[in-house]
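Whatever order the structure lists ligands and atoms in, that order sets their numbers, starting from 1. Because only heavy atoms are used, hydrogens play no part in the values below, and waters and symmetry mates are left out as well, while side chains stay in.
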Amino acid sequence: MIGRLNHVAIAVSDIDAATAIYRDTLGADVSSREEQPDHGVSTVFINLPNTKIELLEPLGDDSPIAKFLEKNPSGGIHHVCYEVDDILAARDKLVADGARVLGDGEPKIGAHGKPVLFLHPKDFLGTLTELEEA
Ligand SMILES: C[C@@H](C(=O)O)C(=O)SCCNC(=O)CCNC(=O)[C@H](O)C(C)(C)COP(=O)(O)OP(=O)(O)OC[C@H]1O[C@@H](n2cnc3c(N)ncnc32)[C@H](O)[C@@H]1OP(=O)(O)O
Ligand SMILES: [Co+2]
């Protein structure tokens, strides 16, 4: 069911400093910073030849990454995102198999303008897992 690795996300408290590390120290191609108000984060994408890194900084008072950063103040890997062909079919299969879909269970439009869903980390080996319709 899952296809390509779309991105690995890293939560950080200072996205400009984090972007500078990827751009200047690691020599990577970085996108501009964008606010994602529907997701409570700001994002920068690091474009690698075979996948992307998504840098996340909390946005607003109720960010879903706030607690994670309290526990990991120097930042840390927050989620992985896999592509699927049909996100509703994927969701229905996962729910039938007992996995917990986060939020209201309906896809939201993600950073690439495509529908995304999140699966509970406790159901996937301690790893928060995002699905994005390819
Ligand atoms: C823009 C978009 C895109 O790419 O298109 C994005 O990525 S937006 C990316 C930001 N959006 C999201 O992450 C949306 C989905 N996330 C959520 O709904 C939330 O972050 C939860 C995953 C439910 C966690 O919420 P919260 O931190 O408030 O709850 P909590 O502290 O009670 O966590 C419950 C348990 O899960 C663990 N836990 C929390 N976040 C985790 C993570 N990222 N990876 C692995 N484990 C994690 C906690 O340590 C805790 O375990 P213990 O009980 O053992 O201590
Ligand atoms: Co993501």
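Counting only heavy atoms, the protein never gets under 4.0 Å from atom 33 (O) of ligand 1. Protein heavy atoms are found inside the 4.0 Å sphere centred on atom 3 (C) of ligand 1. Under the 4.0 angstrom criterion, atom 15 (C) of ligand 1 counts as having a protein heavy-atom contact.
The closest approach between Thr127 and ligand 1 stays at or above 4.0 Å for every heavy atom of the residue.
Within ligand 1, counting atoms from 1 as listed, the ones closer than 4.0 Å to a heavy atom of Gly110 are 5 (O). Within the listing of ligand 1, atoms 45 (C), 46 (N) sit less than 4.0 angstrom from a heavy atom of Gly126.
The existence of a salt bridge linking Arg33 and Glu57 is confirmed by a sub-4.0 Å separation between a basic side-chain nitrogen and an acidic carboxylate oxygen. Under the 4.0 Å criterion applied to side-chain N and carboxylate O atoms, Arg100 and Asp123 are assigned as salt-bridge partners.
The CG atom of Leu59 sits 9.0 Å away from atom CD of Gln36, with the distance rounded to the nearest 0.5 Å. One finds the CD atom of Glu130 at 6.0 Å from the CD atom of Glu54 (value rounded to the nearest 0.5 Å). Atom CG of residue Leu48 and atom OH of residue Tyr22 lie 7.5 Å apart, to the nearest 0.5 angstrom.
The Co ion (ligand 2) has no N, O or S atom of Cys81 closer than 2.8 Å. Here His7 meets the criterion, with an N, O or S atom under 2.8 Å of the Co ion (ligand 2).
Within a 6.0 Å sphere centred on CG of Asp85, heavy atoms belonging to other residues, nucleotides or ligands number 12 at most. Counting non-hydrogen atoms of neighbouring residues, nucleotides and ligands closer than 6.0 angstrom, the CG atom of Asp61 reaches no more than 12 such neighbours.
For atom 13 (O) of ligand 1, the candidate residues are His79, His39, Lys52, His78; the nearest heavy-atom contact is made by His78. For atom 51 (O) of ligand 1, the candidate residues are Lys71, Lys122, Glu54; the nearest heavy-atom contact is made by Lys122.
Looking only at heavy atoms of the protein, atom 5 (O) of ligand 1 is closest to Ala111 N, 2.8 Å. Of all protein heavy atoms, the one lying nearest to atom 40 (N) of ligand 1 is Phe68 CD1, 4.1 Å. Counting only heavy atoms of the protein, atom 6 (C) of ligand 1 lies nearest to Phe118 CZ, 3.6 Å. Of all protein heavy atoms, the one closest to atom 23 (C) of ligand 1 is Leu102 CD2, 3.9 Å.
Looking only at distances, a side-chain donor or acceptor of Lys108 sits under 3.5 Å from a matching main-chain atom of Asp38. Checked by atom type and distance alone, the side chain of Thr51 pairs as donor or acceptor with a backbone atom of Leu5 at under 3.5 Å.
When Leu131, Leu102, Val101 are each tested for a side-chain contact (heavy atoms from CB on, under 4.5 Å) with Phe118, only one passes: Leu102.
In this structure, a donor-acceptor pair under 3.5 Å is absent between the side chains of Glu34 and Thr43.
The shortest N or O to N or O distance between Pro64 and ligand 1 is under 3.5 Å. At under 3.5 Å, a nitrogen or oxygen of Glu130, whether backbone or side chain, sits near a nitrogen or oxygen of ligand 1. Below 3.5 Å of separation, one finds an N or O of His7 facing an N or O of ligand 1. Residue-to-ligand polar distances keep Ile65 apart from ligand 1: every N/O pair is separated by 3.5 Å or more.
When non-hydrogen atoms are compared, ligand 1 lies under 4.0 Å from the side chain of Pro121 (C-beta onward) but not from its backbone. Contact annotation for Lys67 and ligand 1: only side-chain heavy atoms (C-beta onward) come within less than 4.0 Å of the ligand.
Both Ile10 and Phe124 sit in one connected hydrophobic cluster of ILVMFWY residues. Membership requires side-chain heavy atoms under 4.5 Å apart, directly or through other members.
As for Glu54, its N/O/S atom nearest the Co ion (ligand 2) is the one called OE1. Closest to the Co ion (ligand 2) among the N, O or S atoms of Glu130 is OE1.
Shown here for Ser63 and Val41, the closest heavy-atom pair between the two residues is OG-CG1, 4.1 Å.
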